[in-house]
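Worksheet for the structure shown next.
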Amino acid sequence: MKKRYLVTAALPYANGPLHIGHLAGAYLPADIYVRYLRLMGKDVVFVCGSDEHGAAITVKARKENTTPRAIVDRYHEILKSTFEKIGINFDIYHRTSEPIHHETSQNFFRKLYDSQEFIEETTEQYYDESVGQFLADRYITGICPVCANPDAYGDQCEKCGSTLNPTDLKEPKSMLSGSVPVKRPTTHWFLRLDQHEAWLREWINTGKLNGIQLHDPAKWKNHVVGQCNSWLDQGLQPRAMTRDLDWGVDVPSEIPGSEGKKLYVWLDAPIGYISATRQWAIDQGKDWEPYWKDEDTALIHFIGKDNIVFHCLIFPAILKAHGGYVLPVNVPANQFLNLEGRKLSTSKNWAVWVHEYCEEFQGQEDVLRYNMIRKMPEQSDSEFTWKGFQETNNNELVNNLANFVNRVMVLTHKYYEGKVPEFNAAQTFKSGWTNEKPVIQADELKSMKEKLEEMSAKIESFNLREALMHVMEISSAGNALLQFNEPWKTIKTDPEQVKAVMNMALQVVATLSIALYPFLPFSSGRLRKMLLLPAIEDQGELDHLLKSLSANEPILAAGHEIGEASHLFSRIPDEVIDQQIAKLQATDVANKQDSGDKQINYQPMKETIQFDDFMKMDIRTGTILEAEKVEKSKKLLKLKVDLGFEQRTILSGIAEFFQPEEVIGKEVVVLANLAPRVMMGTESQGMILMAEDPDGKLCFVSPDKGWPGGMGVR
RNA sequence: GGCGCGAUAGCUCAGCUGGUUAGAGCGUGCGAUUCAUAAUCGCAAGGUCGGGAGUUCAAGUCUCCCUCGCGCUACCA
């Protein structure tokens, strides 16, 4: 194990609140891991913060008629308090709008610039002449080429989720002025990722850099290594590290041509981890540099799978290009969490918002945490359902864990006036782990220690759901201990044995109060209080516990007095679950209505044309004679169309909606004098006219059956 | 179409470098029990390991082909 740890959790974007997908994907696993490290007495710093730059925030500000500053201030506060409420314990929750971050990231840029890691390249970008500035992808709207949504952004259509380039949009419009943007050349600095490809490939696949073993690739998740290799095999391209933006970190002003240029978010955001660490060091009077630069530091990034290539390829390339920084020793990216069978969607409000949960389920933070861990998408996508939430709470937290604790507490008060009983160390009883031969307490403590070690191993390999199962097995063994020995019976016949059994049961409860801490910190705290034990203070308590167990030392001394029994968890009734399901269904209905009536998103009318303009088009009737799929294409069908006087080859992007055999014989309308165009190696001589609905579905526009081909349409 | 990841009991998932009758939790059935939030404990049923072919003495585990899901990526005149 390394001497010190720096753990990061992906910086959430400050334009919306936190939902359960974020939680299960990155923040909860990071928090559990960090809490565990601290329980083992490790030196660890856990950083995160709001990612507050970029065009999406300016766009949102414009829409709400406010400033970017106001937007990020608002969401920074929401995010920060949500993390606190759900028990995600960062050492610092920073923000990228802080001056120290601007300074840090500018210095990074400067260093890369000076060491000639960049090439300057000029490309064509959309420019709004009326306001005199380049338009970020997000500042351009237009008609989505995929689903015909008229409000698609230049980088993405929020309706159908397609990733776009601004040049893909039909009828692009500037969001600043509403005018039609023009293409204009602009110069940016590109990181030579192509030059980093070779060492990245080796580092990812062998863990070695310059012959030095930095990590064990076998410990990285399959999908992480796979995704990286997929990129590496396609060849890395130089990547722009700057943008034409007005909300972000300025390119250092002494660099020629820096005016109006801002750092690209993927340079900006990960460096936010470093800025946050620096600020933490200032606040704590510590030195930040060992945490980023000492070889004996383990850097670990917790992220969702959408961030893999940035954290495994691009950021490491930046760190190495800069020099002097350690590379991540692991990037345990999680996959995605679905909600009731569907993808989480911020824009469609298909989500469970963590701040709302904390309001509606006060005091039940751990119930959500527990369910998130049980359903954590560690290896593949997984699913959250409210029914499942209820089941894990009632069956596992209440029936197994809380009930066990309660049994022990009640019996201890009943038999021993709330004091941990003295017992004879040689007294035998039945084990809670194996119902075979009788054991003494030393044997039981050893079994428990082994289980804790299994839990530790699972946490260290990022198998958190299994780790949690091991903790629950300790509780099950506690229940079994009581069940096999039946103290409520033996109290009359063999009170000496009951003392040994109950003492053991109390040791199990005390052990749980520590083992639960990484996963369910609130419950751990409540349990410690119930036992009248000091709260966990991140001081290596688990390490001490393991040592005590090895040395056969009990955790709770005989004679120690415990507090009042109370229920650690309560059953969640059907009504509460039904209410939450109804709430989701309501947003679903609202969404349908949105797209159903008023917001059907009819495409806006195009500008008026003259009769002559229309007459320029030669539209003809025709019949599809042949149809086949175009090799290597998902969307294109190659059609042979009979226009009566001749036959044409026409490529049409309808393969996702029609099988070749079902369009043969179809009578269609063709734009016949459209200039030919080569696609996927075949020339298309015209265009089949189709009607398209808001979801991008297509249908043929056809003449009446049997109408002859080649007739003009007007 | 290409690439990556996945497909194992009703549900959610473990199964590392191939090796005896394929595992866990939940759910289900039966039994035991009453200290406990009708909780607990035990036992049992339940799987042609997505489909097909191959390599091997031996394949859930390796190879190839196919199907489906998720993601990235090229093509929509």
Side-chain angles (χ1 to χ4, degrees), chain A residues 145-146 163 168 170 218 221-234 305-306 308-309 335-336 338 343 374-383 385 387-388 391-392 394-415 432 435 458 461 463 465-466 468-470 472-473 475-489 491 498 502 505 565-571 629-637 650-657 671 674-682 684-690 692 696 698:
Chain A
V146 179
T163 310
D168 294 339
K170 296 174 192 163
K221 297 190 185 191
N222 285 346
H223 67 270
V224 172
V225 175
Q227 170 105 231
C228 291
N229 280 325
S230 173
W231 272 62
L232 289 165
D233 291 346
Q234 283 170 36
K305 69 172 161 184
D306 50 336
I308 288 172
V309 291
Q335 309 244 16
F336 289 151
N338 292 320
K343 272 181 223 182
R374 287 292 322 259
K375 295 292 159 64
M376 203 168 259
E378 292 180 326
Q379 308 298 339
S380 56
D381 290 359
S382 65
E383 169 140 341
T385 62
K387 205 78 201 137
E391 279 168 13
T392 50
N394 292 356
N395 297 332
E396 299 175 33
L397 290 177
V398 177
N399 293 355
N400 181 346
L401 178 60
N403 184 46
F404 167 63
V405 171
N406 191 238
R407 299 170 84 178
V408 177
M409 299 293 290
V410 168
L411 287 173
T412 304
H413 280 289
K414 205 171 200 169
Y415 300 153
N435 192 10
K458 291 299 178 187
S461 57
N463 292 313
R465 34 201 303 176
E466 282 191 63
L468 180 62
M469 293 306 279
H470 288 315
M472 295 307 284
E473 283 169 17
S475 176
S476 288
N479 272 317
L481 176 77
L482 297 180
Q483 205 60 38
F484 296 152
N485 290 288
E486 302 184 298
W488 47 90
K489 275 187 186 167
I491 189 73
V498 175
M502 287 309 298
S566 66
H567 290 168
L568 209 47
F569 294 98
S570 308
R571 308 186 74 76
K629 284 201 156 174
V630 176
E631 283 276 303
K632 295 185 181 178
S633 165
K634 186 154 85 183
K635 299 183 179 174
L636 290 177
L637 285 188
I650 297 178
L651 296 182
S652 187
I654 59 175
E656 286 180 295
F657 303 99
L671 180 57
L674 185 67
R677 161 80 180 243
V678 176
M679 286 181 290
M680 304 296 287
T682 306
S684 179
Q685 304 157 328
M687 174 173 166
I688 308 282
L689 301 189
M690 309 288 294
E692 188 175 23
L698 300 171

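Everything quoted here is computed from the prediction, not taken from an experiment. In what follows, every chain begins at residue 1, and chains take the letters A, B, ... in the order their sequences are listed.
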Of the candidate nucleotides [options], which contains the atom at the shortest distance from the side chain of [X]?
| X | options | answer |
| --- | --- | --- |
| Asp381(A) | C70(B), U12(B), G25(B) | C70(B) |
| Leu636(A) | C41(B), C75(B), C70(B) | C75(B) |
| Asn399(A) | U40(B), G4(B), G25(B) | U40(B) |
| Ser382(A) | C41(B), C13(B), A14(B) | C13(B) |
| Arg407(A) | G6(B), U40(B), U37(B) | U40(B) |
| His223(A) | U12(B), C35(B), C5(B) | C5(B) |
| Val410(A) | U40(B), C70(B), A36(B) | A36(B) |
| Ser230(A) | C26(B), G4(B), G25(B) | G4(B) |
| Arg571(A) | U37(B), U33(B), G27(B) | U37(B) |
| Trp231(A) | C26(B), C72(B), U33(B) | C72(B) |

Identify whether any heavy atom of [X] sits under 4.0 Å from a base atom; if not, whether one sits that close to sugar-phosphate; answer base, sugar-phosphate or nothing.
| X | value |
| --- | --- |
| Lys489(A) | sugar-phosphate |
| Gly686(A) | sugar-phosphate |
| Thr392(A) | nothing |
| Gln379(A) | sugar-phosphate |
| Phe569(A) | base |
| Leu651(A) | sugar-phosphate |
| Glu378(A) | nothing |
| Leu401(A) | nothing |
| Ala402(A) | base |

Please report the distance separating the [atom1] of [N] from the corresponding atom of [M], rounded so that it comes out in whole Å.
| N | M | atom1 | result |
| --- | --- | --- | --- |
| C30(B) | C68(B) | P | 42 Å |
| C65(B) | G1(B) | P | 13 Å |
| A14(B) | G50(B) | P | 13 Å |
| U20(B) | U12(B) | C1' | 29 Å |
| C62(B) | U56(B) | C1' | 10 Å |
| C41(B) | G47(B) | C1' | 27 Å |
| A45(B) | G27(B) | C1' | 13 Å |
| G60(B) | A22(B) | C1' | 8 Å |

Please name the nucleotide paired to [N] by Watson-Crick or G-U wobble geometry with both distances under 3.5 Å, or report none.
| N | answer |
| --- | --- |
| A9(B) | none |
| U17(B) | none |
| C76(B) | none |
| A53(B) | U63(B) |
| A32(B) | U40(B) |
| G47(B) | none |

Test item: Met502(A) and Val408(A) side chains (from C-beta on) under 4.5 Å apart, heavy atoms
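Yes - at least one pair of side-chain heavy atoms lies under 4.5 Å apart.
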If the cut-off is 4.0 Å, is Asn463(A) near the phosphate of A14(B), judged by side-chain N/O to OP1 or OP2?
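No, Asn463(A) has no side-chain N/O under 4.0 Å of OP1/OP2 on A14(B).
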Under 4.0 Å from OP1 or OP2 of G6(B): is there any side-chain N or O of Asn222(A) that close?
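Affirmative; the distance criterion is met.
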So, the side chain of Lys221(A) versus the backbone of Glu378(A): is there a donor-acceptor pair under 3.5 Å, distance only?
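Flag set: sc Lys221(A) to bb Glu378(A) pair under 3.5 Å.
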Is it the case that the side chains of Asp381(A) and Asn338(A) hold a donor-acceptor pair, with the cut-off being a distance below 3.5 Å and no angle test?
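Looking only at side-chain atoms, Asp381(A) and Asn338(A) do not form any donor-acceptor pair under 3.5 Å.
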Can you tell me whether the side chain of Asn403(A) and the base of A36(B) have a donor-acceptor pair closer than 3.5 Å?
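Side chain to base: pair present.
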